[in-house]
Amino acid sequence: MKSLVSPELEDYAARHTTPEPELLAELCAATQAGMALPQMQVGLVEGSFLKMLVALTSARRVVEIGMFTGYSALMMASALPPDGRLFTCDVDPEACAMARSFFARSPHGEKIEILMGPAKETLPRIPGPVDLVFIDADKTGYPHYYDLMVEKVRPGGLLVFDNMLWSGEVLNPADEETRALVATARRVQDDPRVENVLLTIRDGMLLARRL
Ligand SMILES: C[S@@+](CC[C@H](N)C(=O)[O-])C[C@H]1O[C@@H](n2cnc3c(N)ncnc32)[C@H](O)[C@@H]1O
């Protein structure tokens, strides 16, 4: 992933963000050491922004599509009330094993339920209404995930899509993944059920709020 802002500015932003809890710093180090694509992790700034969105929407039920080793899930779960629930989907058993081991050590881990298997199959099992959906899995699935989840989000709730600028590739879509991201942005833009803003945080975050 090509950084849209300079590494110096990313670092400055991180240094002016509430520090990472010790367990998340450890998860970050374990992911760097043990996983082939550690850069998939959202990191401190985006993770903290997701946590803030959960807090600002007073969310009690959150859905995540694309858990990986669990960084964004733990960040969001830490803003849920004790009886809040976060359902998170993934297909990778190795990433899931690492996520589970860190959830077990977190006071927020009990709020998290992992749904293993392709999200197209597991998402229909999650009953609505939900307060916030974070979409960060296979890019070609994004339009379908939007269609599956938009009606389950309560009015005032949020759908949040990651990687919506795709290192700038969206300006010249040349492959299936990029075309799916562009199609998702258009679908959201044309949908009267939501209002939306595309933010240039990290690799681009699209926020769609249910009306
Ligand atoms: C970018 S990573 C998610 C990063 C995570 N949000 C974090 O901050 O650590 C994308 C994840 O989506 C998962 N994934 C890919 N295709 C999927 C599918 N069809 N259903 C569910 N998960 C999928 C991958 O296994 C991978 O772990």
Side-chain angles (χ1 to χ4, degrees), residues 1-3 10 14 17 20-21 23-54 62-80 86-103 105-106 108-109 111-126 132-149 158-167 169 175-178 180-181 184 201-207:
M1 194 183 79
K2 199 170 72 189
S3 184
E10 289 283 7
T17 296
E20 204 164 42
L23 189 67
L24 281 178
E26 206 184 306
L27 172 57
C28 192
T31 304
Q32 291 285 339
M35 301 300 291
L37 293 170
Q39 68 275 19
M40 292 206 297
Q41 205 162 52
V42 292
L44 175 64
V45 173
E46 183 174 354
S48 302
F49 183 58
L50 288 166
K51 177 181 174 184
M52 194 161 290
L53 291 177
V54 171
V62 172
V63 175
E64 174 178 71
I65 311 171
M67 168 183 72
F68 191 42
T69 56
Y71 189 98
S72 46
L74 269 181
M75 268 287 191
M76 291 190 284
S78 69
L80 285 172
L86 184 144
F87 301 89
T88 181
C89 309
D90 213 289
V91 287
D92 178 352
E94 191 190 351
C96 179
M98 189 179 291
R100 275 190 204 285
S101 70
F102 279 85
F103 295 167
R105 293 170 56 199
S106 166
H108 306 291
K111 303 172 196 167
I112 301 174
E113 186 173 327
I114 299 173
L115 301 172
M116 280 303 283
K120 281 176 190 168
E121 292 167 22
T122 55
L123 286 174
R125 282 193 232 142
I126 303 170
L132 188 145
V133 182
F134 177 49
I135 301 167
D136 188 22
D138 53 313
K139 306 311 158 196
T140 53
Y142 275 32
H144 188 62
Y145 301 146
Y146 181 65
D147 291 343
L148 275 178
M149 297 310 294
L158 286 177
L159 297 109
V160 181
F161 300 81
D162 198 18
N163 305 108
M164 290 301 288
L165 294 175
W166 207 226
S167 302
E169 297 292 314
D175 58 34
E176 203 190 344
E177 286 185 314
T178 316
L181 291 171
T184 306
I201 296 173
R202 196 165 161 266
D203 196 28
M205 295 178 80
L206 177 62
L207 272 56

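Whatever order the structure lists ligands and atoms in, that order sets their numbers, starting from 1. Index from 1, following the sequence. The model shown is predicted, which means the values in this text are computed figures rather than measured ones.
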Next on the checklist: Could you check whether atom CE of Met35 has more than 12 heavy atoms from other residues, nucleotides or ligands sitting under 6.0 Å from it?
Outcome noted: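 For Met35, atom CE is crowded (more than 12 foreign heavy atoms under 6.0 Å).
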Next on the checklist: Using the rule given for side chain to side chain contact (heavy atoms under 4.5 Å, CB included), can you reason through Glu46 versus Tyr71, listing the C-alpha separation, both sets of side-chain angles and the distance that settles it, and then say yes or no?
Outcome noted: CA-CA 10 Å; Glu46 183 174 354; Tyr71 189 98; over 6 Å; no
Could you list the atoms of ligand 1 found under 4.0 angstrom from a heavy atom of [X]?
X      : value
Pro118 : 20 (N)
Gln41  : 7 (C), 8 (O), 9 (O)
Asp92  : 25 (O)
Gly66  : 3 (C), 4 (C), 5 (C), 6 (N), 11 (C), 12 (O)

Item to check | Stepwise side chain to side chain contact (heavy atoms under 4.5 Å, CB included) test for Leu148 and His144 | outcome: CA-CA 6 Å; Leu148 275 178; His144 188 62; 3.7 Å; yes
Checklist entry - Taking heavy atoms and a distance under 4.0 Å, where does Met67 meet ligand 1: side chain, backbone, both or neither? => result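 Within the 4.0 Å criterion, Met67 contacts ligand 1 through backbone atoms alone.
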Next on the checklist: In this structure, does ligand 1 have an atom that sits under 4.0 Å from one of the heavy atoms of Ala95?
Outcome noted: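 Contact check Ala95 vs ligand 1: negative.
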[atom]: the protein heavy-atom neighbour that sits closest, reported with distance to 0.1 Å:
atom                    : value
atom 17 (C) of ligand 1 : Asp138 OD1, 3.4 Å
atom 20 (N) of ligand 1 : Ala119 N, 2.9 Å
atom 24 (C) of ligand 1 : Asp90 OD1, 3.4 Å

Item to check | Arg105 to Phe102 six-membered ring, cation-pi geometry met (6.0 Å, 45°) | outcome: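 So Arg105 does make the cation-pi contact.
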Item to check | From CH2 (Trp166) to CG (Leu181), nearest 0.5 Å | outcome: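 Those atoms lie 6.5 Å apart.
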Next on the checklist: Could you tell me if Thr31 and Thr69 have a donor-acceptor pair between their side chains, going purely by distance under 3.5 Å?
Outcome noted: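 Distance-only check passes for Thr69 and Thr31.
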N or O pair under 3.5 Å between [X] and ligand 1:
X      : value
Asp136 : yes
Val42  : yes
Met40  : no
Ser72  : yes

Item to check | Criterion side chain to side chain contact (heavy atoms under 4.5 Å, CB included) on Leu207 and Phe49, from CA distance to verdict | outcome: CA-CA 12 Å; Leu207 272 56; Phe49 183 58; 4.3 Å; yes
Next on the checklist: Does Tyr145 form a side chain to side chain contact (heavy atoms under 4.5 Å, CB included) with Asp136? I'd like the steps, not just the answer.
Outcome noted: CA-CA 10 Å; Tyr145 301 146; Asp136 188 22; over 6 Å; no
Next on the checklist: Just to verify, which of Asn163, Thr184, Thr178 counts as forming a side-chain hydrogen bond (donor to acceptor under 3.5 Å, both in side chains) with Lys139?
Outcome noted: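 Passing option: Asn163.
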